[in-house]
Amino acid sequence: MEKFVRLTAPVGKIDFVIKLGVFLLISGGLNHARHVLTHGLPAQKSYWMNFSEAAFTALPMCAFALLLIGHLNSLQKRMYLQATRDPLTGLPNRRWFMEKTPLVIKPGQALMIVDIDHFKQVNDQFGHDAGDRCLQMMGTHLSDILAHDQHAARIGGEEFAVFMPRVSTDELAATAQAISTGFSFNPDGGTPHVVSTSVGVVLLDKAMPRDDAMKLADQAVYQAKTRGRAQYVLTTDPPADPHTPVAAVLA
């Protein structure tokens, strides 16, 4: 039903008129078929006579049906947006990220996990309103850095994920560095301070299931934090043995 609504819903006035015409032609065809079945072929009226009879009644009904379908399509889009969008940052959420990114990360594709450094301190020192503004600025920070075909999402708390469908090593390094450097944040009207991030980056020579790649990126985030934060850790090789702890790959 959702596919039918998306396909049928009119897009603009011209499309509405075209689809209304199609609906009327179908109504005329159904009326013509009814006439043939009722009276037989020898007594049949022409298609256009049956069309003109049906159009008088079908016109307002078809117009109403198209308006209703258009409204349903708008509601579907709004509900999907609400279900897949983080209301605070305006970025997609974890559900969207898991739906839209491939199940297998291939060579040449990159995945990042980004975690805001010392975010708990922002909440504890300045309050949750300041924490919310910090998350909003983080969303803007990612949107400003990433290219149009690179996707960021808030996947939970102060954690974000990024997928890059095509990226070179140099571009990946520059992007990860810019993200980890962070942004200027002024939570209380005093002296601004920089909010940095720890970034785990996965760029593999072999294909890897997305869930495994995300675990690898999580481990890289942990490595970045233990090395002092405000930096990224890049891993380019999957474990040779599936039972090898992913942390060993990053050591």
Side-chain angles (χ1 to χ4, degrees), residues 1-104 109 129 132-133 135-157 159-166 210:
M1 180 57 71
E2 290 181 3
K3 291 182 179 179
F4 172 79
V5 170
R6 287 197 299 269
L7 180 65
T8 311
V11 182
K13 295 180 180 178
I14 295 177
D15 191 47
F16 179 87
V17 172
I18 292 173
K19 288 179 177 175
L20 179 59
V22 171
F23 274 35
L24 290 175
L25 289 173
I26 293 172
S27 298
L30 292 174
N31 191 50
H32 184 63
R34 177 197 60 79
H35 182 81
V36 170
L37 291 174
T38 302
H39 301 286
L41 287 173
Q44 68 171 317
K45 298 179 182 178
S46 69
Y47 168 81
W48 292 110
M49 290 180 66
N50 284 304
F51 171 81
S52 62
E53 290 178 356
F56 180 78
T57 303
L59 178 60
M61 298 302 295
C62 290
F64 176 76
L66 281 173
L67 291 172
L68 181 60
I69 290 171
H71 180 65
L72 289 174
N73 187 52
S74 177
L75 288 177
Q76 282 184 182
K77 290 180 178 179
R78 192 181 310 167
M79 291 176 64
Y80 180 79
L81 187 63
Q82 291 175 347
T84 58
R85 186 73 51 175
D86 173 48
L88 183 61
T89 64
L91 293 176
N93 60 16
R94 185 182 187 91
R95 174 181 174 180
W96 183 95
F97 191 80
M98 301 305 280
E99 285 182 358
K100 297 299 182 180
T101 53
L103 293 175
V104 176
Q109 297 178 334
D129 287 344
D132 288 347
R133 293 199 303 275
L135 291 170
Q136 290 169 342
M137 293 183 70
M138 184 67 219
T140 302
H141 179 60
L142 290 173
S143 298
D144 289 344
I145 292 173
L146 298 175
H148 71 280
D149 63 338
Q150 299 169 350
H151 309 296
R154 183 186 177 197
I155 58 174
E159 194 173 53
F160 298 78
V162 175
F163 175 69
M164 299 177 166
R166 297 179 296 276
R210 180 193 58 209

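- Shown here are the salt bridge (charged side-chain N to carboxylate O under 4.0 Å, His left out) partners of R94, two or more places apart in sequence or in another chain: there are none.
- Rounding to the nearest 0.5 angstrom, the gap separating the CZ atom in F97 from the CD1 atom in I155 is 7.0 Å.
- D129 pairs by the salt bridge (charged side-chain N to carboxylate O under 4.0 Å, His left out) definition with nothing, not counting sequence neighbours.
- For Q76, the side chain to side chain contact (heavy atoms under 4.5 Å, CB included) criterion is met by E2, V5, R6, N73, not counting sequence neighbours.
- Taking CG of D132 as the start and CG of L88 as the end, the distance is 5.0 Å to the nearest 0.5 Å.
- The side chain to side chain donor-acceptor pair (under 3.5 Å) test applied to R210 returns T101, not counting sequence neighbours.
- Every residue two or more places apart in sequence or in another chain that forms a salt bridge (charged side-chain N to carboxylate O under 4.0 Å, His left out) with D15 is listed here: K19.
- Every residue meeting the side chain to side chain contact (heavy atoms under 4.5 Å, CB included) condition with L25, not counting sequence neighbours, appears here in chain and number order: Y47, W48, F51.
- Within the 4.5 Å cutoff, no side-chain heavy atoms of T84 are placed close to those of P92.
- In this structure, S74 contributes its side chain and G70 its backbone to no donor-acceptor pair below 3.5 Å.
- Considering only residues two or more places apart in sequence or on other chains, Q109 meets the side chain to side chain donor-acceptor pair (under 3.5 Å) condition with none of them.
- With sequence neighbours left out, the side chain to side chain contact (heavy atoms under 4.5 Å, CB included) criterion links T89 to D86, L91, L135, R154, F160.
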For residues 140-148, tabulate all N or O donor-acceptor pairs below 3.5 Å that involve a side-chain atom, not counting sequence neighbours.
unit_1	atom_1	unit_2	atom_2	d
T140	OG1	Q136	O	3.3
H141	NE2	A178	O	3.4
H141	NE2	I179	O	3.3
S143	OG	G139	O	3.0

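- Between Q150 and R166, the shortest heavy-atom distance links the atoms NE2-O, 4.4 Å.
- Looking at residues two or more places apart in sequence or on another chain, you find a side chain to side chain contact (heavy atoms under 4.5 Å, CB included) between K100 and Y80, W96.
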